[in-house]
J.: 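Before I ask anything, here is the structure I am working with.
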Amino acid sequence: MKNNCIGIFDSGIGGATVLKEIIKLLPNENYIYYSDSKNNPYGDKSNKEIINICDNIVKYLKEERKCKIIVIACNTASAKSVEFLRNKYKDISFIAIEPAYKMVHDYSYNTTTLVMATKGTIESEKFKLLYNKYNNDKTFLCPCIGLADIIENGDKEQILKYLNDNIIEYKGKVKNVVLGCTHYPLIKNEIQEVLGKVKFFDGSPKLAIHVKEILEKKNLLSTKNKEMSIEFIDTSKEYKQKEIRFFYILGKSY
Ligand code: DGL
């Protein structure tokens with residue numbers, strides 16, 4: 001693996017949903033995906049803990065692996081650490097995902113909306129600013145404590161039980177669902193099983209466009225016709241299973 005990679009991280013394999021969108025636009029890049037599943041879930045951790053964890057990941061991706069740009073493919077990590085990281089590491093760009101609540105405002109204003117995200121994201125100052133700016137008074141906020149962890153483990157029955165216990169009350173009440181955690185696009189089918197037909201809002205396609213724009217602007221795009229590579233790193237003991245699921249989510253063997 002050469003230097004000059006795009007570094008991307010999440011508290012587990014959920015961020016693969018973000019990487020998948022980036023690859024569609026940037027198929028000639030080298031990627032290092034850092035799945036920090038040892039520390040999953042991030043959603044219940046304090047700001048200080050998250051900042052510390054993210055700082056160490058960035059040190060590794062930037063200083064040891066010389067990544068040219070870093071994508072924070074975790075809403076919780078973005079909400080709590082991106083300001084700190086941008087202040088500390090001024091010579092690298094951070095592209096950070098956030099719940100696609102502005103998209104609701106832009107494309108589906110005045111429609112009942114459920115924002116699903118971790119407790120950490122929903123309680124963060126960054127999300128509060130976004131919410132207050134675009135709030136249409138028809139929005140329900142649902143901190144889905146523990147859901148990312150259940151998705152990370154991949155047990156469909158447990159996922160359905162969680163959703164039935166925690167979001168069934170919104171059935172018939174909402175038309176839009178903001179997938180405010182990068183693990184949640186993996187359970188769209190299950191969410192529709194519980195809520196019926198809803199329109200999903202996910203920030204990943206927009207983020208991918210932004211990654212491309214930043215690389216172009218900084219003259220850091222990889223040359224065409226170069227073969228893509230993806231290196232998967234996981235911090236837990238189950239890294240082998242994680243790796244299999246990660247590439248399964250990406251949908252192809254790279
Ligand atoms: N994928 C992370 C996010 O977007 C999950 C957070 C967690 O580990 O709780 O928020």
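Each ligand, and each atom within it, is numbered from 1 in the order the structure gives. Source: prediction; values computed, not measured. All values below were derived from every heavy atom in this structure, side-chain atoms included, with hydrogens, water molecules and symmetry-related copies excluded.
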J.: Suppose I only count heavy atoms of Tyr42 and a 4.0 Å limit; which atoms of ligand 1 are within that range?
T.: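 Going through ligand 1 atom by atom, the ones under 4.0 Å from Tyr42 are 7 (C), 8 (O), 9 (O).
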J.: Would you say Thr182 and Thr17 are linked by a side-chain donor-acceptor pair, where the criterion is simply a distance under 3.5 Å?
T.: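 There is no such pair between these side chains.
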J.: Counting both backbone and side chain atoms, is some N or O of Thr182 under 3.5 Å from an N or O of ligand 1?
T.: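 Yes; the residue has a nitrogen or oxygen that sits under 3.5 Å from a nitrogen or oxygen of the ligand.
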J.: Taking Asn135 for its side chain and Tyr131 for its backbone only, find out whether a donor-acceptor pair lies under 3.5 Å.
T.: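 It does not hold such a pair.
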J.: Testing the 3.5 Å rule here: is there a donor-acceptor pair between the side chains of Thr121 and Thr118?
T.: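 Yes - a donor-acceptor pair under 3.5 Å links their side chains.
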J.: How far apart are the C-alpha atoms of Phe246 and Ile249, what are their side-chain angles, what is the distance that settles it, and do they pass the side chain to side chain contact (heavy atoms under 4.5 Å, CB included) test?
T.: CA-CA 5 Å; Phe246 169 77; Ile249 295 166; 5.7 Å; no
J.: Thr121 versus ligand 1: do any nitrogen or oxygen atoms come within less than 3.5 Å of each other?
T.: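 In fact, backbone or side chain, Thr121 has no N or O that close.
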J.: For ligand 1, which atoms have a heavy atom of Asn40 less than 4.0 angstrom away?
T.: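 It comes down to these atoms of ligand 1: 8 (O).
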J.: Any idea which atoms of ligand 1 are less than 4.0 Å away from a heavy-atom of Asp10?
T.: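 The atoms of ligand 1 under 4.0 Å from a heavy atom of Asp10 are 1 (N), 2 (C).
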J.: Within the 3.5 Å criterion, strictly below it, is a donor on Tyr101 or Thr139 matched to an acceptor on the partner's side chain?
T.: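 Thr139 and Tyr101 do have a side-chain donor-acceptor pair below 3.5 Å.
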J.: In the protein, what heavy atom is nearest to atom 10 (O) of ligand 1, and what distance, to one decimal place, separates them?
T.: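 It is Thr76 OG1, 2.6 Å.
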J.: Any heavy-atom pair between the side chains of Val58 and Leu61 that's under 4.5 Å?
T.: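 With C-beta onward as the side chain, the pair stays apart.
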J.: At a 4.0 Å threshold, what atoms of ligand 1 neighbour a non-hydrogen atom of Ser11?
T.: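 Within the 4.0 Å cut-off of Ser11, ligand 1 contributes 2 (C), 5 (C), 6 (C), 7 (C), 8 (O).
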J.: For Thr118, take its heavy atoms, then give the atoms of ligand 1 lying under 4.0 Å from any of them.
T.: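 So the answer, numbered in order with elements, is 6 (C), 9 (O), 10 (O).
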J.: Between Ser108 and Asn176, do the side chains contain a donor N or O and an acceptor N or O under 3.5 Å apart?
T.: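 On atom types as modelled, these side chains qualify, holding a pair under 3.5 Å.
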J.: Below the 3.5 angstrom mark, is there an N/O of Gly43, backbone or side chain, next to an N/O of ligand 1?
T.: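 Yes, there is a polar N/O contact under 3.5 Å.
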J.: Quick one: does ligand 1 sit under 4.0 Å from the side chain of Asn75, the backbone, both or neither, non-hydrogen atoms only?
T.: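 Under 4.0 Å from ligand 1, Asn75 contributes backbone and side-chain atoms.
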J.: What do you reckon, does Cys181 put a non-hydrogen atom under 4.0 Å from ligand 1?
T.: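 True for this residue.
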J.: Looking at the rings of Phe9 and Tyr33, which for Trp means the six-membered one, are their centres under 6.0 Å apart?
T.: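 Centroid separation for Phe9 and Tyr33: 6.0 Å or greater.
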